[in-house]
Amino acid sequence: MRDRPQQPSSQFRISPLIRIPLFTLYIALTVPLPILARVTSSEISPTLLWLALALGAIILWGSLSERVTVDDRQIQVNYASWVFWAKNRHWSLPWSEIQSLKPRTTGQGGLVYYFLAKSGDAYLLPMRIAGFSQLVHQVQEKTEIDTSNVKPLAQPWMYALLLGFSLLLLAVDAWTISTALQQLPLA
């Protein structure tokens, strides 16, 4: 009997449908702060706020750098190498060690799934990735666990709504900033 040829690994990243609304919301909530600090002569330095904003953007970018890699041997979750604060969230699990896929209810009433390993450890199935249905299909193929009822945690309309409200907030920000800048004396 011949061995099956090894299939190339598949890699899945956080969906742009999630990344874009979250970054837009971050920008809408934070960019006005240093500008308004300058206009209102706040005790907090606008430069310090800009630096904090940049640091926050880097942290958000790193947090959204999660990657799921699937190959013939295992499923693996990791982050970009520079994301040192997520090192304890990296994991890999050989297909042969997966015993089952168990649903758990979240505090908000959603449903997440955990891989249960033969060792008794549980590993969260990443659910906010682009190509989620393809990942679930590969899980079923590699483990023979029925995944027909596994659905993504958040529906696309939720993130589209978040993006819409974030864009509306950006429009209000633009108006607020332009009004505030008109109050500054010409230098």
What distance do [X] atom [atom1] and [Y] atom [atom2] have between them, rounded to the nearest 0.5 Å?
X      : Y      : atom1 : atom2 : answer
Ile18  : Leu163 : CD1   : CG    : 12.5 Å
Arg89  : Leu124 : CZ    : CG    : 8.0 Å
Leu101 : Gln99  : CG    : CD    : 12.0 Å

Check: Is it true that atom CH2 of Trp157 has more than 12 heavy atoms of other residues, nucleotides or ligands lying nearer than 6.0 Å?
Finding: no
Next item on the list: Under the side chain to side chain contact (heavy atoms under 4.5 Å, CB included) rule, what do Leu49 and Ile44 come out as? Steps first, then yes or no, please.
Entry: CA-CA 7 Å; Leu49 286 172; Ile44 300 173; 3.7 Å; yes
When you group the ILVMFWY residues by side-chain heavy-atom contacts below 4.5 Å and let the links chain together, are [Y] and [X] in the same group?
X      : Y      : result
Leu53  : Leu48  : no
Ile177 : Val172 : no
Met158 : Ile20  : no
Leu169 : Leu36  : no
Leu167 : Val31  : yes

Next item on the list: Please list, chain by chain and in numerical order, all residues satisfying side chain to side chain donor-acceptor pair (under 3.5 Å) with Asn149, sequence neighbours excluded.
Entry: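 Partners of Asn149 under the side chain to side chain donor-acceptor pair (under 3.5 Å) test: none.
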Notebook entry, point to check: Among all residues two or more places apart in sequence or in another chain, which pass the side chain to side chain donor-acceptor pair (under 3.5 Å) test with Arg67?
Noted result: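 Listed in chain order: Asn78.
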Hey, does [Y] have a side-chain heavy atom less than 4.5 Å from the side chain of [X]?
X      : Y      : answer
Leu22  : Leu162 : yes
Tyr114 : Arg104 : yes
Pro126 : Ile129 : yes
Arg38  : Leu181 : yes

Compare every heavy atom of [Y] with every heavy atom of [X], then report the nearest pair and how far apart it is.
X      : Y      : value
Leu116 : Ala122 : CD2-CB, 3.8 Å
Ile58  : Trp85  : O-CH2, 4.2 Å
Ser9   : Thr69  : CB-CG2, 4.0 Å
Glu66  : Val77  : OE2-CG1, 3.6 Å
Ala117 : Leu93  : CB-CD1, 3.8 Å
Tyr113 : Met127 : CD1-CE, 3.7 Å

Margin query: With side chain to side chain contact (heavy atoms under 4.5 Å, CB included) as the criterion, how do Asp146 and Gln140 come out once you've worked through the C-alpha distance, each side chain's angles and the decisive distance to 0.1 Å?
Written below: CA-CA 6 Å; Asp146 180 22; Gln140 182 167 334; 4.2 Å; yes
Could you tell me whether a side-chain N or O of [X] sits under 3.5 Å from a main-chain N or O of [Y], the two making a donor and an acceptor?
X      : Y     : answer
Trp95  : Asp71 : yes
Ser92  : Ile75 : no
Ser45  : Thr47 : yes
Arg19  : Ile14 : yes
Lys118 : Ser96 : yes

Checklist line | Criterion side-chain contact (heavy atoms from CB on, under 4.5 Å) against Leu125, the qualifying member of Val150, Thr147, Val68 | finding: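 With Leu125 as partner, side-chain contact (heavy atoms from CB on, under 4.5 Å) holds for just one option, Val150.
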Notebook entry, point to check: Applying side-chain hydrogen bond (donor to acceptor under 3.5 Å, both in side chains), which residue pairs with at least one partner in residues 165-181 are found, sequence neighbours left out?
Noted result: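 Counting only pairs at least two positions apart or across chains, no side-chain hydrogen bond (donor to acceptor under 3.5 Å, both in side chains) contact touches residues 165-181.
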Checklist line | Of all pairs that satisfy side-chain hydrogen bond (donor to acceptor under 3.5 Å, both in side chains), the ones with a partner from residues 121-135, not counting sequence neighbours | finding: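 Those involving residues 121-135 are Ser119-Asp121, Arg128-Tyr159.
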Next item on the list: List the steps, then state whether side chain to side chain contact (heavy atoms under 4.5 Å, CB included) holds for His90 with Tyr79.
Entry: CA-CA 7 Å; His90 293 242; Tyr79 290 79; 3.9 Å; yes
Check: With sequence neighbours left out, what residues match His137 under ring pair (Phe, Tyr, Trp, His ring centres under 6.0 Å)?
Finding: none
Next item on the list: Not counting sequence neighbours, list each pair that qualifies as a ring-ring contact (aromatic ring centres under 6.0 Å, His included) and has a residue in residues 8-38.
Entry: Phe23-Trp61
